[in-house]
Amino acid sequence: MLLHMISNDYIKRNLSLGWPLALNALLMQSMLMIDTLLVSPLGEVSLAAMGIATTIVSFILGIQMALANGTQLVMSRAVGSGSKVKLANAYWSGMLINLAVAILFWLLLIWLEQDLILWLTDNNTLYVEIGAYLDVAKYLVLFTAITQVITAMFNALGSSKIPFKSYLIELPINAFASYFLIHGVHEWQGLGVVGAAIGSVIAMTLRMLFLSVCLRYQQDLNLSFSSNLPAFTSNIKLHFVEIFPVAANVTMLSIGATIYQLLYSQLSINAYAAITVLMPWIRGGTQFITSWAHASAITISQAIGSKKLDNLIDDVNISIKMAVVLSVISCGLFWGLSVVIADIYPGLNPETYLALAAIAPLYILLPFIRGYNTVHGHILRALGKTTAVFKINFTGQWLISIPLCGLLILYFDASIFWAFAVMPFEEAVKALPFRYLARKTLTEFDQQQAEKLI
């Protein structure tokens with residue numbers, strides 16, 4: 001059966017689109033892993049400071065990615081329809097919305113940074129290091145707004161290899177710049193944690209310039225602004241109405257992940273350091289599954305835009321089966337990580353290694369359940385069921401799992417094992433509703449439903 005699936009045209013098309021998406025995401029996540037690796041010799045305090053600071057920044061970047069993902073679905077349908085005007089309108093609407101949100105968060109970081117840090121920690125050493133990191137890292141918010149929308153455009157066009165090349169430029173620059181800025185060279189002692197932020201900003205700036213140049217010279221792409229102001233204002237409103245449910249859904253999950261991190265910060269510093277080390281690997285290690293789900297959503301959106309629905313059910317079934325295969329592979333890779341993680345991070349406290357060992361069975365299992373839910377969520381969004389997906393995610397995360405995690409940590413003073421176990425439990429709670437909704441939606445979806453989305 002696996003050989004038959006691999007020979008399928010839908011599989012080939014998705015793999016062609018998906019592998020650069022996966023490597024894009026891995027390279028993006030690896031930048032945080034590299035920064036964590038470079039900062040870890042500075043000790044648990046610096047590691048915890050960077051973990052808290054990057055949690056704040058990652059939350060904002062997650063919202064920007066959510067907006068870009070919503071725009072990507074609109075662009076994909078425009079590509080399927082063959083309308084250059086719709087594609088240009090989708091691009092400029094998405095860019096202006098993302099930039100407006102980026103400027104808002106940038107200003108909020110300037111105004112509320114100190115109060116936010118004081119709310120997160122009362123450790124004076126952590127306060128200073130977090131503040132220094134955020135003073136620089138907040139500029140990532142502005143640059144990411146531009147790069148995410150340009151990346152969404154290339155993905156919608158099926159040219160996902162161009163963003164992949166941009167990460168190949170960004171990653172080594174970020175690694176080398178961060179290393180020297182963190183640890184110094186010769187007699188210069190370096191900047192510590194703040195050096196990681198400066199290195200990331202330098203690398204992100206160069207990536208933004210590369211993507212902008214590639215977009216300018218992309219063949220058969222005309223993004224010239226031709227609408228009058230009233231018409232374009234109306235288009236922005238319609239675009240926002242369409243992408244907001246997608247953004248709200250992903251933002252809600254991002255906020256939930258941030259709250260998990262903040263709750264975990266109330267564990268012992270060694271337990272939190274263990275989770276800080278692990279989380280970039282979890283985000284990075286599940287990216288092949290997420291990218292396959294993204295590719296499926298793009299392909300399905302293009303099919304809806306072109307009104308070709310004959311193979312929709314078969315394509316969705318193949319997407320789910322491939323997601324399960326990739327999930328099993330990810331579980332195996334996480335088992336391998338559990339074996340060598342002490343060698344990757346050799347300078348940590350013995351209690352941190354014990355915490356990592358305690359949660360190993362949980363983070364090995366997590367990709368299997370999460371991958372199943374991820375592909376269902378992306379496909380359902382492409383089919384216009386974003387609100388229903390939001391309800392499932394909200395119920396599983398906010399009404400059940402986050403309150404349970406808070407109760408375990410803040411009231412019962414639970415160990416890291418039981419606190420971390422809430423994450424796979426959340427995915428298990430959502431699995432059956434996702435499955436039922438997907439089957440029901442596919443049964444009811446027809447040309448009339450497709451017309452509403454176009």
Please, which pairs that meet side chain to side chain donor-acceptor pair (under 3.5 Å) have at least one residue in residues 383-393, sequence neighbours excluded? N249-N393, N393-K430

In this structure, are over 12 heavy atoms from other groups packed under 6.0 Å from F210 atom CZ? yes

Going by the side chain to side chain contact (heavy atoms under 4.5 Å, CB included) test, name the single residue among I162, T71, L215 that passes it with M153. L215

Interatomic distance, CG@N270 vs CD@E351, rounded to 0.5 Å, equals 4.5 Å

Could you list the residues that satisfy ring pair (Phe, Tyr, Trp, His ring centres under 6.0 Å) with H239, not counting sequence neighbours? none

Using 30° and 60° as the class limits, which term best fits the ring planes of Y179 and H183: parallel, tilted or perpendicular? tilted

Given Y260, which of I402, I255, I275 fulfils the side chain to side chain contact (heavy atoms under 4.5 Å, CB included) condition? I402

Parallel, tilted or perpendicular: ring planes of Y372 versus H376, cut at 30 and 60 degrees: tilted

Between atom CD1 of I173 and atom CG of L206, what is the distance when rounded to the nearest 0.5 Å? 4.5 Å

Consider only side-chain N and O atoms of S319 and Y10, and report whether a donor and an acceptor are under 3.5 Å apart. yes

Parallel under 30°, tilted from 30 to 60°, perpendicular over 60°: which one fits the rings of F244 and F240? tilted

So how far is it from I379 CD1 to I300 CD1, rounded to the nearest 0.5 Å? 4.5 Å

